[in-house]
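Each remark here refers to the structure printed beneath this line.
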Amino acid sequence: MTAHADASRQRIHDLLTTEEERVLQRWTALAKTSGEELRDIYLALRLAIGEGRDDLTDVRGLLAELSRERARQGHTPSDTARAVYGLKEAVYEAVESDGSADALRGFIWFSRLIDDLGLYTFEVYATARETIILDQAEQLLELSTPVVKLWEGIVAVPLIGTLDSARTQVVMEKLLQTLVETGSEHAVIDITGVPAVDTQVAQHLLKTVFAARLMGAECVISGIRPQIAHTIVTLGIEFGDIVTKASLADALAYALSRSGTEISTPRRTRIAVRTEEV
């Protein structure tokens with residue numbers, strides 16, 4: 001590093017030290033965030049510049065935490081990057097007041113440094129946001145695929161929406177786990193809420209049924225509406241020996257009968273009342 005560069009860098013460090021409160025106050029106003037949060041970043045950056053270190057690990061660590069926190073709070077990436085770039089404007093006001101050649105040359109170097117840190121902040125934010133979205137999508141999959149106990153030894157999986165590979169995996173895992181926990185021998189997969197059944201959806205259903213069979217459970221597929229039945233026949237989809245029923249009630253009645261449970265309907269007594277005119 002040349003003598004001019006050393007002097008310019010040192011001048012920026014001096015300004016960051018002598019104008020700390022002024023710069024921090026201005027930066028906080030521009031970034032619209034916590035002053036304490038920015039103060040930690042500011043002090044770490046000033047220390048690194050003062051020691052002449054190119055390694056900004058501490059600064060990057062604090063910026064990464066700022067980015068992740070802002071991603072969790074729902075801030076936009078632009079707001080997050082702007083919070084970092086605001087330091088340039090705050091420091092420039094101090095440089096402009098100083099007016100020395102070293103300060104102006106140092107600001108050019110400082111500006112590039114902040115640009116690099118801003119890009120790093122944006123990258124961390126994007127990664128954190130993607131992780132949050134993936135976690136939320138996984139949670140929604142689990143919530144949209146409940147496994148409920150209908151009767152002693154009988155569980156059901158009411159499916160709503162499109163059945164794809166990722167969701168099939170979730171269905172399998174939750175169904176098999178519930179079969180183990182409850183010791184159920186019968187499972188009803190209800191597709192009343194599935195808008196359409198094509199070859200791919202049928203394959204996913206078959207995989208789920210075969211996985212349950214390996215656990216010793218007999219599966220029934222319910223919710224076969226006329227439109228879906230027509231599509232299945234047209235596409236030539238074969239369910240083999242898998243039992244299918246039109247409604248969840250029919251599937252439950254079948255599973256109850258297979259489990260040896262008898263269902264009796266109470267006989268209704270009709271009473272006729274006749275009135276006579278006197």
Side-chain angles (χ1 to χ4, degrees), residues 1-140:
M1 187 176 288
T2 65
H4 279 305
D6 283 336
S8 300
R9 182 167 179 164
Q10 183 59 44
R11 188 55 191 154
I12 291 297
H13 176 264
D14 293 342
L15 287 175
L16 289 176
T17 303
T18 59
E19 301 290 337
E20 177 179 326
E21 291 305 321
R22 173 187 171 186
V23 172
L24 267 175
Q25 186 176 13
R26 179 59 176 158
W27 187 21
T28 302
L30 292 170
K32 298 178 181 179
T33 188
S34 169
E36 286 303 317
E37 195 172 38
L38 295 183
R39 183 180 293 274
D40 292 340
I41 298 173
Y42 185 92
L43 294 177
L45 180 61
R46 190 187 69 186
L47 179 63
I49 293 175
E51 294 178 350
R53 291 189 283 111
D54 293 326
D55 180 15
L56 301 177
T57 302
D58 293 340
V59 179
R60 289 176 178 270
L62 292 171
L63 288 174
E65 183 57 34
L66 173 69
S67 300
R68 296 189 188 98
E69 183 62 27
R70 283 183 158 248
R72 287 191 289 267
Q73 293 176 354
H75 290 276
T76 66
S78 298
D79 289 340
T80 304
R82 195 177 296 115
V84 179
Y85 293 137
L87 180 57
K88 287 200 300 183
E89 183 176 340
V91 171
Y92 180 74
E93 293 177 1
V95 170
E96 193 175 32
S97 298
D98 181 82
S100 67
D102 285 339
L104 292 172
R105 282 193 297 267
F107 180 75
I108 295 175
W109 165 82
F110 182 78
S111 179
R112 292 171 180 167
L113 176 65
I114 297 300
D115 286 343
D116 290 340
L117 293 176
L119 289 174
Y120 172 75
T121 303
F122 186 88
E123 291 172 358
V124 174
Y125 176 95
T127 302
R129 193 63 185 162
E130 183 178 356
T131 302
I132 292 172
I133 292 173
L134 290 175
D135 290 342
Q136 290 175 342
E138 185 175 346
Q139 292 172 6
L140 287 174

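Nothing fancy with the numbering, it's 1 onward along the sequence.
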*Trace of the side-chain contact (heavy atoms from CB on, under 4.5 Å) decision for Val59 with Tyr42*: CA-CA 8 Å; Val59 179; Tyr42 185 92; over 6 Å; no
Return yes when atom [atom1] of [X] has more than 12 non-hydrogen atoms of other residues, nucleotides or ligands closer than 6.0 Å, and no otherwise.
{"X": "Tyr85", "atom1": "OH", "result": "yes"}
{"X": "Arg72", "atom1": "CZ", "result": "yes"}
{"X": "Tyr92", "atom1": "OH", "result": "no"}
{"X": "Glu93", "atom1": "CD", "result": "yes"}

*Side-chain contact, heavy-atom cut-off 4.5 Å: Thr127 with Phe122?*
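No, every pair of side-chain atoms sits at 4.5 Å or beyond.
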*Is any side-chain heavy atom of Leu56 closer than 4.5 Å to a side-chain heavy atom of Asp116?*
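They are not in contact (no side-chain heavy atoms under 4.5 Å apart), so the answer is no.
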[atom1]/[X] to [atom2]/[Y] distance, rounded to the nearest 0.5 angstrom?
{"X": "Leu45", "Y": "Leu117", "atom1": "CG", "atom2": "CG", "result": "6.5 Å"}
{"X": "Glu65", "Y": "Asp40", "atom1": "CD", "atom2": "CG", "result": "11.0 Å"}
{"X": "Thr18", "Y": "His13", "atom1": "OG1", "atom2": "NE2", "result": "10.0 Å"}
{"X": "Arg82", "Y": "Leu30", "atom1": "CZ", "atom2": "CG", "result": "10.5 Å"}
{"X": "Thr121", "Y": "Leu63", "atom1": "OG1", "atom2": "CG", "result": "4.0 Å"}
{"X": "Leu66", "Y": "His75", "atom1": "CG", "atom2": "NE2", "result": "9.0 Å"}

Can you give me the closest heavy-atom contact between [X] and [Y], atom names plus distance?
{"X": "Leu38", "Y": "Thr28", "answer": "CD1-CA, 3.8 Å"}
{"X": "Glu19", "Y": "Ala94", "answer": "CG-CB, 4.1 Å"}
{"X": "Arg22", "Y": "Ser97", "answer": "NH2-OG, 3.1 Å"}
{"X": "Ser8", "Y": "Arg105", "answer": "OG-CB, 3.3 Å"}
{"X": "Ala103", "Y": "Leu15", "answer": "CB-CD1, 4.1 Å"}

For [Y], is there an ion pair with [X] - N to carboxylate O distance below 4.0 angstrom?
{"X": "Glu21", "Y": "Arg39", "result": "yes"}
{"X": "Asp6", "Y": "Arg9", "result": "no"}
{"X": "Asp115", "Y": "Lys88", "result": "yes"}

*Could you check Leu43 against Glu20 for side-chain contact (heavy atoms from CB on, under 4.5 Å), going step by step and ending with a plain yes or no?*
CA-CA 9 Å; Leu43 294 177; Glu20 177 179 326; 3.9 Å; yes
_Derivation and outcome, side-chain contact (heavy atoms from CB on, under 4.5 Å), residues Trp27 and Val91_ = CA-CA 8 Å; Trp27 187 21; Val91 171; over 6 Å; no
_Can you confirm if the NZ or CZ of Arg68 lies within 45° of the ring axis of Tyr125 and under 6.0 Å from the centre of its six-membered ring?_
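No - Arg68 does not lie over the ring of Tyr125 by the 6.0 Å and 45° rule.
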*Determine, step by step, whether Val95 and Phe110 satisfy the side-chain contact (heavy atoms from CB on, under 4.5 Å) criterion, reporting the C-alpha distance in whole Å, the side-chain angles of both residues, the deciding distance to 0.1 Å, and the verdict.*
CA-CA 11 Å; Val95 170; Phe110 182 78; over 6 Å; no
*Identify, with sequence neighbours excluded, every residue that meets side-chain hydrogen bond (donor to acceptor under 3.5 Å, both in side chains) alongside Arg11.*
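Result, side-chain hydrogen bond (donor to acceptor under 3.5 Å, both in side chains) vs Arg11: Asp98.
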*Any chance the side chains of Asp14 and Thr17 put a donor and an acceptor closer than 3.5 Å?*
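On atom types as modelled, these side chains do not qualify, holding no pair under 3.5 Å.
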*Would you say the side chains of Asp102 and Ser100 form a donor-acceptor pair under 3.5 Å?*
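Judged by distance alone, the side chains do not pair up.
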